[in-house]
Structures are given as structure tokens and as C-alpha cells.
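Below is one structure; the comments refer to it alone.
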Amino acid sequence: MSELDLYSMLDKLVIQGGNPLTGEVHISGAKNATLPLIAASILSEDGLELENVPDVMDVRTLLKAMERLGAIVDFQAETGKLLLNTSKVRPDEIPYDIVRKMRASVLLMGPLLGRFREAHVYTPGGCAIGSRPIDEHIHAFQKLGADHRIESGFAILRAPKIKGTRILFDRVTVTGTENTVMAAVLAEGETVIDHAANEPEVADLCDCLKNMGAKIDGIGTGRISIEGVPTLHRTTHKVIPDRIEAGTYMMAIAASGGNGTLTAVNPEHLRIPIEKLVEAGVTVVTGKDTISVEAPHGVHPVDVETSPYPGFPTDLQAQFMALLTQAEGVSFIKETIFENRFQHVQELNRLGARLKIDGNRVIVRGGTTLQGAEVMATDLRASASLVIAGLTASGTTTIHRIYHLDRGYHNFEAKLRSLGADISRVSD
Ligand code: EPZ
């Protein structure tokens with residue numbers, strides 16, 4: 001671990017709660033679209049150019065993995081431009097220390113298999129929110145003709161050739177769908193993927209692959225058809241806005257009783273979260289690429305259940321819970337995607353929330369004035385929910401282990417400060 005990594009591990013956020021958030025916040029490119037797009041560059045021998053790439057730790061980690069594979073990476077973080085030269089990429093090993101930091105490194109399997117017909121990626125472990133198996137990914141690769149075995153912890157995939165086939169996922173998997181599409185675009189013949197994930201990030205990957213010469217139909221639906229082509233070529237692709245970052249700021253503005261506008265965002269990607277906020281009494285006005293939010297009269301209780309797109313995203317569950325601690329009355333939040341995504345509950349209760357876990361749902365008894373305290377971030381989106389709670393709590397909230405936050409939010413505290421939050425990053 002580099003010294004920088006070590007120091008950032010000790011960073012904490014200190015928040016003086018109570019300031020309403022007002023003003024404008026620019027939404028960055030989507031982390032969960034950028035990661036598969038970076039991996040997809042492997043499929044073209046003359047590389048790929050991406051725009052609107054967010055400067056977050058997960059992107060930096062994946063770029064390190066790309067360099068280990070022989071890619072030449074030029075990331076201009078200030079403009080969001082990323083040039084990937086993949087002419088010298090080889091299917092080298094993706095080691096434990098990279099996969100340990102970011103399990104989305106599994107997204108390298110599909111394109112390595114697609115272009116080289118082999119991949120050596122350390123098997124990803126679970127994480128704070130669940131066991132996160134990749135059995136659906138492996139099953140799809142085997143259906144496409146790959147042999148799979150585990151050797152000293154590495155998933156070794158090899159295929160004499162990749163032949164198009166029909167693939168039916170037992171459960172919706174975002175990166176499983178993305179990995180399968182990337183393994184199939186250079187296959188011999190047609191691949192049909194049924195029960196595919198249709199998140200906007202999957203569609204963004206498919207749009208980019210089409211511009212690279214792939215033949216893909218059914219983009220944005222649950223059934224994706226791919227006609228294999230011999231090669232793909234370079235293109236320039238702009239990453240879609242980050243709907244989860246956007247939803248996080250919407251909930252922070254609403255929880256603070258403020259009045260703010262998000263820019264460079266796609267409201268269509270947030271239809272259900274917007275409907276839920278309106279149901280909670282928040283005023284939301286959408287423009288072509290803006291969303292304005294205000295909640296001058298507080299919020300009231302709402303029940304929500306997470307589900308695959310276009311349902312309420314699991315990645316906004318923790319943030320919505322922090323908001324609902326301010327609602328006068330009882331709300332029920334059900335998590336149906338991950339088996340352990342309530343790590344933030346005990347931390348929110350330390351701030352005075354009254355939350356009770358009941359199986360895969362949480363009962364939120366709202367109307368509590370939160371009191372600042374020392375709390376600990378446990379995973380990316382849980383960290384964001386603690387920030388939202390700290391912004392509304394009275395007194396000082398200190399959030400430890402905010403390296404979780406840095407994985408997926410660019411300049412989080414600076415953007416919040418520009419909205420009027422009293423928040424600073426302190427190194428222990
Ligand atoms: C993606 O993870 C996102 N990550 C996650 O965002 C997001 O929470 C998740 O999709 C759901 O929307 C990226 O896109 C990089 P899944 P992914 O495969 O693809 C089970 C964030 O905060 N499953 O759709 O790993 C799995 O255990 C992150 O940015 C299998 O059982 O999620 C889970 O319960 C967190 N076998 C469910 O399916 C498999 O082979 C959905 O997982 C694959 C998944």
C-alpha cells in the first residue's frame with residue numbers, strides 16, 4: 001500500500017450540522033458506467049477515448065489494473081478525458097491486491113476472454129454488503145465455450161473459441177450482463193442474453209460498443225442480442241451522468257431543508273427515486289439536464305423497496321434511510337438485492353435515529369432530532385448516508401474510514417461546501 005493510500009485511510013470528515021444546502025451542484029460521470037467502459041477498451045486493438053470520466057478511487061484502481069495488462073493510460077482528471085492505448089495489452093494476471101480493493105475488476109474477465117480467449121483474474125471476495133458471488137458470470141462464460149477452473153485463488157478462463165449462444169440469467173446481474181456482452185461481441189455467431197440487466201450503465205456500455213463496431217440489439221431492455229464481428233475499433237464516448245451521485249445530493253438537499261439544483265444530470269435515469277421523494281413531500285422540478293429539489297416543510301414517511309432498474313436503486317437505499325429519519329412517522333425500507341446492506345443502520349442509530357432491522361427490511365421511526373457523534377463508514381453508499389445524517393444532526397459528527405466514500409464520490413466535501421455545508425476533511 002502506498003504511503004498516500006495509508007494516509008487517506010486515516011482521513012475523516014468533520015461536519016457541523018444544521019446548514020440548509022442551497023445552490024448548484026455539477027454531477028460527474030457515472031462511476032458504474034466508467035468501469036465497464038474502461039474494461040471494454042481491451043476489445044479494440046486501437047484503444048478507446050472516454051470523456052466525462054469521474055476522478056474517483058475505483059477508476060484509479062481499474063486504470064492501475066489496465067496498466068498491469070500493458071495498456072498505456074492517459075487520464076486528464078481535470079477535464080475528465082481518458083485515452084486508453086490497448087495495442088500492447090496481454091491477458092496477464094489481475095492480482096489479489098487489485099481485486100481486493102475493487103471487486104469490479106471482474107469486469108476485465110469478459111473483454112480478456114473476448115479478445116484473447118483467456119483471462120486470469122483473482123477470484124473476488126465478498127464485501128460489506130454481501131457475498132457477491134460471480135457464478136452467473138462464470139456460467140455465461142462457460143456457455144460461450146470457456147473452460148473455468150480455480151488455481152491458487154485465480155479464476156482461470158480459457159476458450160479454444162467463443163461461440164455465440166443463448167444465455168438465460170437466473171437473477172439480474174449488472175456486471176454479469178456487462179461481462180457477458182463484452183465476451184460475446186467478438187464471438188462467432190449470435191448470442192442472445194435473456195433476463196439481462198437494463199440499468200442505464202449497461203445501455204451506456206452497449207452504446208459505446210456499437211460505436212466501436214459491435215452489432216447489438218435490445219439495448220436498454222431485458223433481452224440483448226449480439227451478432228459477433230471480427231474486430232472492434234477506437235471511438236470517443238462520453239460517459240453518462242452518475243444517477244447515484246445525483247440521487248445522493250437530492251436526498252442531502254431535501255434532508256437539510258435546503259433548495260438546490262443539480263446540473264449535467266439525466267432526470268430520466270431517476271424517475272422512481274424522484275417519484276418517491278415527491279411522495280415524501282419534496283418539491284422536485286426537472287429540466288432537460290437539471291433537477292431542482294427543495295423541502296421547506298420537511299418530509300413525511302414513505303415505504304420503499306429496492307429492485308433492479310427502473311425500480312428504486314439499492315445504491316440509494318442507505319441515503320433515503322438517512323432522509324426518512326427526519327420524517328414525522330414510520331417508514332418501511334426493504335432491501336431485495338443484497339443480503340447485508342444495512343451496515344449503516346447501527347451507525348445512524350448512534351446519531352439518535354430510531355431504526356430497527358426486521359429481516360430484509362428496516363423500520364424507520366422518524367421525527368428524531370439527530371445528535372452529532374463519532375461514526376464509522378463501512379461501505380461506499382453507507383458512508384454517504386452518514387454524511388447526510390451528519391448534515392442534519394445538531395452538533396459535530398465525525399465520520400471515520402471515509403476512504404469508502406472516495407471510491408465513488410469525486411470531491412464530495414468540496415461540492416457539499418459549495419452548497420453551504422460546514423464540512424471538512426481531517427487527517428488523523
Ligand atoms: C453492480 O454491482 C454495481 N456495481 C453495484 O454498485 C450495484 O449495487 C449493483 O450492481 C446492483 O445494482 C458496479 O456496477 C461496478 P449484481 P454487481 O451482479 O454487478 C447476486 C456501488 O455502490 N449475484 O447486479 O456486483 C449478487 O450477490 C456498487 O456503486 C449472484 O448471486 O451487482 C447480488 O445479490 C455497490 N451471482 C445480486 O445478484 C452473480 O454471479 C445483484 O448483483 C452475480 C450477482
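Note that ligands are numbered from 1 as they come in the structure, with each ligand's atoms numbered from 1 the same way.
- Protein heavy atom closest to atom 36 (N) of ligand 1, with residue, atom name and distance, is Asp135 OD1, 2.8 Å.
- Using a non-hydrogen distance threshold of 4.0 Å, Pro133 registers as a contact of ligand 1.
- Identified under the salt bridge (charged side-chain N to carboxylate O under 4.0 Å, His left out) test for residues 176-189, with sequence neighbours left out: Lys161-Glu188.
- Checking side-chain atoms of Arg149 against main-chain N and O of Leu157 turns up no donor-acceptor pair under 3.5 Å.
- Per-residue contacts place Arg381 under 4.0 angstrom from the following atoms of ligand 1 (heavy atoms of the residue considered): 21 (C), 22 (O), 29 (O).
- The atoms of ligand 1 that sit less than 4.0 Å from any heavy atom of Val174 are 1 (C), 10 (O), 12 (O), 16 (P), 18 (O), 19 (O), 24 (O).
- Side chain of Lys163 to main chain of Gly189: no donor-acceptor pair is present (N/O by atom type, distance under 3.5 Å, no hydrogens or angles).
- For Thr263 and Glu24, the side-chain atoms include no donor-acceptor pair closer than 3.5 Å.
- Listed by atom number, the atoms of ligand 1 under 4.0 Å from Ile134 heavy atoms are 39 (C), 40 (O).
- Considering only non-hydrogen atoms, atom 2 (O) of ligand 1 lies nearest to Arg132 out of Arg132, Gln317, Arg171, Arg407.
- Heavy-atom proximity to Arg341, at under 4.0 Å, picks out these atoms of ligand 1: 8 (O), 22 (O), 35 (C).
- For Ile337, heavy-atom contacts with ligand 1 shorter than 4.0 Å involve the backbone as well as the side chain.
- Within 6.0 Å of OH on Tyr96 lie no more than 12 heavy atoms contributed by other residues, nucleotides or ligands.
- Remark: minimum distance from atom 15 (C) of ligand 1 to any protein heavy atom is reached at Asn32 OD1, 3.4 Å.
- Interface of Glu136 with ligand 1, defined as ligand atoms under 4.0 Å from a residue heavy atom, comprises 36 (N), 39 (C), 40 (O).
- Among all non-hydrogen protein atoms, the one lying nearest atom 26 (C) of ligand 1 is Phe338 CE2, 4.2 Å.
- Listed by atom number, the atoms of ligand 1 under 4.0 Å from Lys31 heavy atoms are 21 (C), 29 (O).
- Heavy atoms of Glu245 found under 4.0 angstrom from ligand 1: none, in either backbone or side chain.
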**OP:** Take Arg381 and Tyr409, measure what side chain to side chain donor-acceptor pair (under 3.5 Å) needs, and give me the verdict at the end.
**Re:** CA-CA 10 Å; Arg381 306 305 174 180; Tyr409 290 96; 3.0 Å; yes

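- At a 3.5 angstrom cut-off on N or O pairs, Glu339 does not count as close to ligand 1.
- With a 4.0 Å heavy-atom cut-off, ligand 1 is reached by the backbone of Thr175 and by its side chain too.
- Residue Asp315 has at least one N or O atom closer than 3.5 Å to an N or O atom of ligand 1.
- Within a 6.0 Å sphere centred on NE2 of His400, other residues, nucleotides and ligands contribute more than 12 heavy atoms.
- Numbered from 1 in the order shown, with element, the atoms of ligand 1 that lie under 4.0 Å from a heavy atom of Arg103 read 25 (O).
- Under 4.0 Å is where a charged nitrogen must lie from a carboxylate oxygen, and between Arg425 and Glu413 at least one such pair does.
- Residue Thr173 touches ligand 1 through backbone and side chain together, judged by heavy-atom distances below 4.0 Å.
- A salt bridge does not link Asp92 to Arg68: none of the charged nitrogens lies less than 4.0 Å from a carboxylate oxygen.
- Residue contact check: His137 has heavy atoms under 4.0 Å from atoms 40 (O) of ligand 1.
- For CZ of Arg234, the number of neighbouring non-hydrogen atoms (other residues, nucleotides, ligands) closer than 6.0 Å is greater than 12.
- Using a 4.0 Å cut-off between charged nitrogen and carboxylate oxygen, Arg407 and Asp58 count as a salt-bridge pair.
- With sequence neighbours excluded, the residues that form a salt bridge (Lys or Arg N to Asp or Glu O under 4.0 Å) with Arg350 are Glu347.
- For Thr314, no nitrogen or oxygen atom sits less than 3.5 Å from a nitrogen or oxygen atom of ligand 1, counting backbone and side chain alike.
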